[in-house]
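To start, the structure itself, in structure tokens.
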Amino acid sequence: MLFEKRYNYYLVKFDDEKTYWYRSNSAFHRIGTKVIVPISNNGKWKIGTIAGKQQFKAKDVPYPLVNTKGIIQEAGLLSEGKVKTHNNLIETSKYPPYDISVATIKTRHGSERYITCQRERDLTKEMLLRRNKKLVVIENYPVADYGDIPYEAQKRLKDDENRKIDDWLEEMMLMDEE
């Protein structure tokens, strides 16, 4: 492939000196910049410092695309409070966090986990609001490009005007729980 897509990976360092890889759609974060990142699958956030950055082709990434969390945003003056408020919401909620960043769909060859695109996450949020679901929704991953999602998911997104959106999303969520 002549122009193979490259992914921006950032090495983020925390106060305890541990470093972890995160992704971003932006190639413009600088080394030394403080950023807010998710630190676990439960949706909690932490502030870290970018210690390195590199672009990789999909086959060369240091950590699998589907498992690499994304940088939420650069940290500003009010970031400590924002992180504390966010983590408190998760800790005090009686509902378990639901991560809408990754979906599992049935494909011709079984099932496949993939990073959802922004349209899919927006549809999921709409459905949860309409049904008055009180889940704590987490987005741990950066926006996926439409071309990054499997053909079956692209087809479902194109067909969503011809199908009931609720049915489509319920099917996606049920498969994600399996």
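Count residues from 1 along the sequence. Nothing here was measured: the structure is a model prediction, and the numbers come from that model.
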OG1 (T116) and CG (D99) are apart, to the nearest 0.5 Å, by 8.0 Å
Only one of I50, V12, L11, T49 passes side-chain contact (heavy atoms from CB on, under 4.5 Å) with T19, and that residue is L11
Notebook entry, point to check: Can you get from I71 to I47 by hopping between Ile, Leu, Val, Met, Phe, Trp and Tyr side chains that sit under 4.5 Å apart?
Noted result: no
Between R108 and E152, does a salt bridge (Lys or Arg N to Asp or Glu O under 4.0 Å) hold up when you go through it step by step? CA-CA 9 Å; R108 294 176 284 236; E152 288 84 356; 3.7 Å; yes
With a sphere of 6.0 Å drawn around CD of E80, does it hold more than 12 non-hydrogen atoms of other residues, nucleotides or ligands?
no
Distance col, row C117:SG vs I149:CD1, nearest 0.5 angstrom, shows 4.0 Å
Output for pair (L128 CG, E126 CD), nearest 0.5 Å, gives 10.5 Å
Identify all side-chain donor-acceptor contacts of residues 62-70 below 3.5 Å with residues at least two apart in sequence or on another chain.
| residue | atom | partner | partner atom | Å |
| --- | --- | --- | --- | --- |
| T68 | OG1 | Y9 | OH | 3.2 |
| T68 | OG1 | Y63 | O | 3.2 |
| T68 | OG1 | P64 | O | 2.7 |
| K69 | NZ | N41 | OD1 | 2.9 |

Contacts satisfying salt bridge (charged side-chain N to carboxylate O under 4.0 Å, His left out) that involve residues 27-47 (not counting sequence neighbours) are K44-E91
dist S79:OG -> Q73:CD (nearest 0.5 Å) comes out at 6.0 Å
> Does Y10 share a hydrophobic cluster with V35, counting links as ILVMFWY side-chain heavy atoms below 4.5 Å and allowing steps through other members?
Replying inline: yes
Problem - Connected via hydrophobic side-chain network under 4.5 Å: I72 and V137 - result: no
Output for pair (T124 OG1, I100 CD1), nearest 0.5 Å, gives 5.5 Å
Item to complete: Please tell me if the side chains of Q118 and E139 come closer than 4.5 Å, counting only heavy atoms from C-beta onward.
Response: yes
Taken to the nearest 0.5 Å, the spacing of R6 CZ from D60 CG works out to 8.0 Å
TODO: Is it possible for you to say whether V37 and I31 belong to one hydrophobic cluster, with membership spreading through side-chain heavy-atom contacts below 4.5 Å?
DONE: yes
